[in-house]
Amino acid sequence: MRQQEIKHFACLMKLMQADLQHFEAKYGGKFAEAPHAGLGNRKTRCVNEATLPIITCHPSCMRKCARECYVINIMTFPRPSCRRCQARNTVLRRIDAEAYYEYFFAEAERRGLPLRLSDGGDMENATQARACVKAAQRHPSVHAIGYTKRIELLGEFMLAPANLHMRYSAWAGDEANTAKARAMGFDLTHVVTNGGGNCPYQNSMARFRAHKAEIARQLRAQGIDTKTANKQAERLTESEITVHHCRDCARLGIGCCAQGIDIRFNKV
């Protein structure tokens with residue numbers, strides 16, 4: 001990383017650590033509040049769990065993809081309210097992992113939606129992994145998908161129920177762990193960039209924003225005030241999103257989420 005980027009992330013780490021300390025002092029070791037959940041997110045068509053990136057991620061992620069991480073660049077740094085929600089979830093999960101995952105699976109079941117685990121960050125230890133498995137067992141109708149870089153936690157998911165889909169997040173230079181995950185029978189997801197430092201989701205988000213900005217410009221030209229134009233542009237752009245839950249769905253133009261085969265972010 002360049003010197004400026006090092007300073008940027010050092011500042012971000014201090015902000016996140018301060019957020020964690022705030023909620024640790026607030027809760028005093030008690031699961032006193034419900035976690036924050038992205039319920040019925042229209043862009044992803046699932047319930048999103050949000051945990052704190054960088055702090056909960058595998059250490060290798062900082063070296064590999066922190067510069068391109070959409071959670072950091074789009075949510076954590078520019079939006080303090082999102083950062084605090086992520087910190088709250090991180091502390092609550094550390095206090096009582098079973099209550100934490102029970103909340104998310106119950107909400108997903110209530111809304112009839114799939115569950116995206118660790119929308120940012122990763123599971124931190126075996127206690128959290130086992131709690132997630134237990135919640136999945138209690139809610140067999142909820143299909144949940146999660147990705148992890150922690151090869152040491154995969155064993156905790158060996159006997160996970162069929163509705164819990166955990167994948168190992170693989171990338172170049174990680175061949176030994178990738179082979180181990182494959183030998184254990186886990187599906188893989190490959191972290192892919194386009195060579196320019198942007199992941200596919202960032203490209204999708206960029207197109208979403210550009211389309212939204214153009215619609216908002218047209219609405220303002222019609223005399224609609226800026227705030228209203230932005231809200232209408234957001235709704236109109238979201239209504240045009242096509243959701244593909246896996247590569248086969250994208251190729252065939254169908255959806256397989258209801259069958260629990262896979263859960264993927266949308267493409268605009």
Legend entry - Distance, nearest 0.5 Å, that separates CG of D122 from OH of Y147: 12.5 Å
Legend entry - Min side-chain heavy-atom separation V133-P161 under 4.5 Å: yes
Inset, instruction - Would you indicate whether the side-chain heavy atoms of R94 and Q128 approach each other to under 4.5 Å? - result: yes
Inset, instruction - Determine yes or no for a side-chain-to-main-chain donor-acceptor pair under 3.5 angstrom, with K149 supplying the side chain and S169 the backbone. - result: yes
Inset, instruction - Give the minimum heavy-atom separation between K212 and A233, together with the two atoms involved. - result: O-CB, 3.5 Å
Inset, instruction - Indicate yes or no: at least one non-hydrogen side-chain atom of R220 is less than 4.5 angstrom from one of N230. - result: yes
Legend entry - Sidechain N-carboxylate O distance under 4.0 Å for D19, R84: no
Legend entry - Pair R93 + E49: basic N to acidic O under 4.0 Å: yes
Inset, instruction - Flag the pair V91 / L20 as yes when at least one side-chain heavy-atom distance between them is below 4.5 Å, and no otherwise. - result: yes
Inset, instruction - Begin with the C-alpha distance, continue with both residues' side-chain angles, and end with the deciding distance and a verdict on side chain to side chain contact (heavy atoms under 4.5 Å, CB included) for R83 and L15. - result: CA-CA 9 Å; R83 194 184 68 235; L15 290 172; 3.9 Å; yes
Inset, instruction - Considering only NZ, NE, NH1 and NH2 on the basic side and carboxylate oxygens on the acidic side, decide whether K26 and E33 come within less than 4.0 Å. - result: yes
Legend entry - Euclidean distance, K134 NZ relative to F105 CZ, rounded to 0.5 Å: 13.5 Å
Legend entry - Closest non-hydrogen atom pair, L164 against A136: CB-CB, 3.9 Å
Inset, instruction - Of all the heavy-atom pairs spanning L115 and A108, show the shortest one and how long it is. - result: CB-CB, 4.2 Å
Legend entry - Interatomic spacing from CG in D225 to NZ in K231 - rounded to 0.5 Å: 9.5 Å
Legend entry - Within-4.5 Å side-chain heavy-atom neighbours: L117 and M166: yes
Legend entry - S141-E109 side chain donor-acceptor pair, cut-off 3.5 Å: yes
Inset, instruction - Flag the pair Y100 / F104 as yes when their ring centroid distance falls below 6.0 Å, and as no otherwise. - result: yes
Legend entry - Within-4.5 Å side-chain heavy-atom neighbours: T51 and Q86: no
Legend entry - Heavy-atom donor-acceptor pair, T148 side chain to R150 backbone, under 3.5 Å: yes
Inset, instruction - Look at the side chain of E102 and the backbone N and O of E98, then say whether any donor-acceptor pair between them is shorter than 3.5 Å. - result: no
Inset, instruction - Measure from the side-chain N and O atoms of N163 to the backbone N and O of H139, and report whether any donor-acceptor pair falls under 3.5 Å. - result: yes
Legend entry - Heavy-atom closest contact (C57 atom, G121 atom, distance): SG-CA, 3.5 Å
Legend entry - Considering all heavy atoms, the nearest Q137-P140 contact: O-CD, 3.7 Å
Inset, instruction - First locate atom CD of Q232, then atom NZ of K227, and finally report the distance between them rounded to the nearest 0.5 Å. - result: 13.0 Å
Legend entry - Sidechain N-carboxylate O distance under 4.0 Å for R217, E214: yes
Legend entry - Expected output: side-chain N89 to main-chain H36 donor-acceptor under 3.5 Å: yes
Inset, instruction - Consider only side-chain N and O atoms of D174 and Y168, and report whether a donor and an acceptor are under 3.5 Å apart. - result: yes
Inset, instruction - Decide yes or no on salt bridge (Lys or Arg N to Asp or Glu O under 4.0 Å) for R110 and E107, but give the supporting numbers first. - result: CA-CA 5 Å; R110 183 171 70 86; E107 282 294 325; 2.7 Å; yes
Legend entry - Those residues that, when tested against Y27, pass ring pair (Phe, Tyr, Trp, His ring centres under 6.0 Å) (two or more places apart): F23
Legend entry - Heavy-atom check, side chain of R116 versus side chain of I145, under 4.5 Å: yes
Legend entry - Partners meeting ring pair (Phe, Tyr, Trp, His ring centres under 6.0 Å) with F157 (sequence neighbours left out): none
Inset, instruction - Check whether any side-chain heavy atom of M123 sits under 4.5 Å from a side-chain heavy atom of Y101, and report yes or no. - result: yes
Legend entry - Rounded distance (nearest 0.5 Å) linking atom CD1 of I215 with atom CG of L219: 7.5 Å
Legend entry - Check: R130 side chain, C132 main-chain N or O, donor-acceptor pair, under 3.5 Å: no
